[in-house]
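Okay, so here's the structure we're looking at.
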Amino acid sequence: MPSPYATVGESHEELWFERSNYIATHIASMCYETPGAQIAVFFIATYHVLRWNTSAKRRLFWLFFLFLLTATATINLACSIKFNQSAWIDERNYPGGPYEFLVEQQSRPILTLGNTASILGSFFADGILLYRVMVLWNFMWYIIIPPTLFYIVCVILSILTVVQIADPTFANIVNLALPVWVILMIINIVLSAMIAIRILILRRDVQSGLGTEYAKPYAMIASLVVEAALPFTILSIILLVLFGGKNTAQNLFVPLLVQVECLSPSLIILRVIVRGSPRNKRPDEASNIKFAPRLPAGTESSLTNVSEKQDKRDDHLSVSIKSVDDSLPTQI
């Protein structure tokens with residue numbers, strides 16, 4: 001039974017638009033405030049970075065990176081809350097009501113600031129992924145140029161989208177929102193896949209040359225990358241489908257997507273530091289040393305040839321191991 005105090009003069013679609021904007025901010029707030037979410041991960045990760053057994057320069061870098069991610073997520077959420085406060089409380093007598101306010105006041109400075117913060121969050125999160133791709137693939141130009149160009153295009157389009165939203169005179173030129181969401185989704189998936197594939201390739205080489213025990217850290221890092229990319233990928237696909245169909249439910253996922261994108265790198269940082277550097281988790285070589293029985297006569301020469309071939313293979317393998325080993329403590 002409808003309430004006798006129900007809003008009158010607004011269609012169901014208009015009310016659903018208002019509700020979706022209102023609920024979306026609360027969903028993003030839950031991702032930000034609840035235990036295990038943005039603010040909690042920030043303080044826990046900061047604590048472990050400060051206790052991390054590494055150089056002061058590296059600790060300072062990751063502390064600054066954590067702060068930037070959390071700051072952009074905080075600014076974006078705070079601006080959304082303030083904008084909703086203006087629509088339903090401070091300026092409730094706006095001509096046409098909150099619905100018209102939400103539609104017509106998208107160019108307000110407070111909302112422009114929030115959109116800018118979300119772009120900066122994407123810039124930092126995808127930028128660190130791109131850098132790890134460069135390191136793990138040994139800066140091979142034919143590998144790193146395509147994602148780098150893709151990243152630059154994404155940044156440019158994101159900036160243009162904010163300008164378009166902030167300046168209504170650009171609204172009728174071309175709608176950049178859909179291309180930006182598509183590129184944001186693709187670049188995150190592609191960079192994460194490139195990192196995971198490279199680590200799995202190196203894991204295969206290590207496993208064939210040194211054994212399964214030595215290859216376990218590489219599988220752990222690959223799983224961290226995939227786990228971190230999965231929530232953002234799922235939300236991006238949902239949002240893209242809703243956005244393409246012009247479904248009002250898209251409003252529910254936009255603020256949440258910003259929080260998740262800023263949260264994922266922080267979770268990887270926390271998990272890698274808590275588990276410790278993978279290079280320190282390799283089995284103790286001394287404990288695995290065993291004396292072999294005496295060899296039959298005539299086998300020494302054949303074993304020498306095998307050993308020389310294996311030495312050449314190990315020399316080639318060590319290059320790959322070193323490239324990923326140097327990056328493992330910062331593969332976050």
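Residues: numbered from 1 along the sequence shown. The structure presented is a predicted model; accordingly, all values stated were derived computationally and were not measured.
- At least one side-chain heavy atom of Lys82 sits less than 4.5 Å from a side-chain heavy atom of Asp90.
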Sequence neighbours excluded and cut-off under 3.5 Å, please list the side-chain donor-acceptor pairs for residues 149-156, or say none.
from: Tyr151; atom 1: OH; to: Phe123; atom 2: O; distance (Å): 2.8

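- Trp52 contributes no side-chain N or O that, together with a main-chain N or O of Tyr47, makes up a donor-acceptor pair within less than 3.5 Å.
- Taking 4.5 Å as the limit, every side-chain heavy atom of Phe83 sits out of range of all side-chain heavy atoms of Asn21.
- Scanning all heavy atoms of the two residues, the minimum distance from Pro265 to Ala125 falls at CG-CB, 3.9 Å.
- The environment of Phe61 atom CZ is dense: over 12 non-hydrogen atoms of other residues, nucleotides or ligands sit within 6.0 angstrom.
- By the 4.5 Å heavy-atom criterion applied to side chains, Thr54 and Trp62 are not counted as neighbours.
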Intermediate values then yes/no, side-chain contact (heavy atoms from CB on, under 4.5 Å), Leu15 and Arg19: CA-CA 6 Å; Leu15 289 174; Arg19 290 167 184 159; 4.1 Å; yes
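- Between Ile269 and Phe65, the shortest heavy-atom contact is CD1-CD2, 3.8 Å.
- For Arg198 (side chain) and Val133 (main-chain N/O), no donor-acceptor pair under 3.5 Å exists by modelled atom type.
- Within the model, atoms CG of Leu77 and NE2 of His26 stand 10.0 Å from one another, a figure rounded to the nearest 0.5 Å.
- Cluster membership for Ile143 and Ile186, using ILVMFWY side-chain heavy atoms within less than 4.5 angstrom, is shared.
- Under the 4.5 Å side-chain contact rule for hydrophobic residues, Leu157 and Val254 share a cluster.
- Between atom CZ of residue Arg132 and atom CD1 of residue Ile195 there is a gap of 8.0 Å, rounded to the nearest 0.5 Å.
- Contact annotation: the side chain of Leu111 approaches that of Gln106 to within less than 4.5 Å [non-hydrogen atoms, C-beta and beyond].
- Smallest separation of non-hydrogen atoms from Ala24 and Asn251: CB-O, 2.9 Å.
- With contacts defined as side-chain heavy-atom distances shorter than 4.5 Å, the pair Leu257/Phe253 does not qualify.
- In plain terms, the two heavy atoms of Ser80 and Thr25 that are nearest each other are CB-OG1, 4.2 Å.
- To the nearest 0.5 angstrom, Ser158 atom OG is 10.5 Å from Asn115 atom CG.
- For the 3.5 Å distance criterion, the side chains of Ser122 and Glu261 qualify, holding a donor opposite an acceptor.
- Put simply, Tyr131 and Leu60 are part of two different groups of oily side chains (I, L, V, M, F, W, Y) that touch within less than 4.5 Å, one to the next.
- The two atoms that bring Ile27 and Leu252 nearest to each other are CD1-O, 4.1 Å, heavy atoms only.
- If you chain together hydrophobic residues whose side chains sit under 4.5 Å apart, Met30 and Ile234 fall into the same group.
- Asn138 places no side-chain N or O within 3.5 Å of a backbone atom of Met140 that could act as its donor or acceptor partner.
- Atom-to-atom distance recorded for Ile39:CD1 and Leu263:CG is 11.0 Å, nearest 0.5 angstrom.
- In this structure, Ser192 contributes its side chain and Ile189 its backbone to no donor-acceptor pair below 3.5 Å.
- Annotation: Tyr94 is not in aromatic contact with Tyr99 [ring centroid separation under 6.0 Å not met].
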Stepwise side-chain contact (heavy atoms from CB on, under 4.5 Å) test for Val49 and Arg58: CA-CA 9 Å; Val49 169; Arg58 180 171 293 175; over 6 Å; no
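- Looking only at distances, no side-chain donor or acceptor of Asn76 sits under 3.5 Å from a matching main-chain atom of Thr72.
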Test side-chain contact (heavy atoms from CB on, under 4.5 Å) applied to Leu102 and Asn84, step by step: CA-CA 8 Å; Leu102 293 173; Asn84 290 344; 4.2 Å; yes
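- Hydrophobic clustering (side-chain heavy atoms under 4.5 Å, transitive across Ile, Leu, Val, Met, Phe, Trp, Tyr) groups Leu129 together with Leu136.
- A side-chain donor-acceptor contact under 3.5 Å links Gln259 to the backbone of Ala73.
- In this structure, Leu113 and Pro109 have side chains that are not in contact, with every pair of non-hydrogen atoms separated by 4.5 Å or more.
- Here the straight-line distance linking atom CD1 of Ile238 with atom CG of Asn247 works out to 12.0 Å at 0.5 Å rounding.
- Side-chain contact check for Phe124 versus Ile128: every heavy-atom pair is 4.5 Å or farther apart.
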Intermediate values then yes/no, side-chain contact (heavy atoms from CB on, under 4.5 Å), Leu68 and Phe64: CA-CA 6 Å; Leu68 287 177; Phe64 183 65; 3.4 Å; yes
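- Put simply, the side chain of Pro147 reaches to within 4.5 Å of the side chain of Met194, judged on heavy atoms.
- Around the CZ atom of Phe43, the shell of radius 6.0 Å holds no more than 12 heavy atoms that belong to other residues, nucleotides or ligands.
- Taking OG of Ser86 as the reference point, atom CD1 of Ile110 lies at 8.0 Å (rounded to 0.5 Å).
- Screening residues 105-116 for salt bridge (Lys or Arg N to Asp or Glu O under 4.0 Å), with sequence neighbours left out, gives Glu91-Arg108.
- The two residues Gly121 and Cys262 come nearest to each other via the heavy atoms CA-SG, 4.0 Å.
- Surrounding OH of Tyr22 are at most 12 heavy atoms belonging to other residues, nucleotides or ligands under 6.0 Å away.
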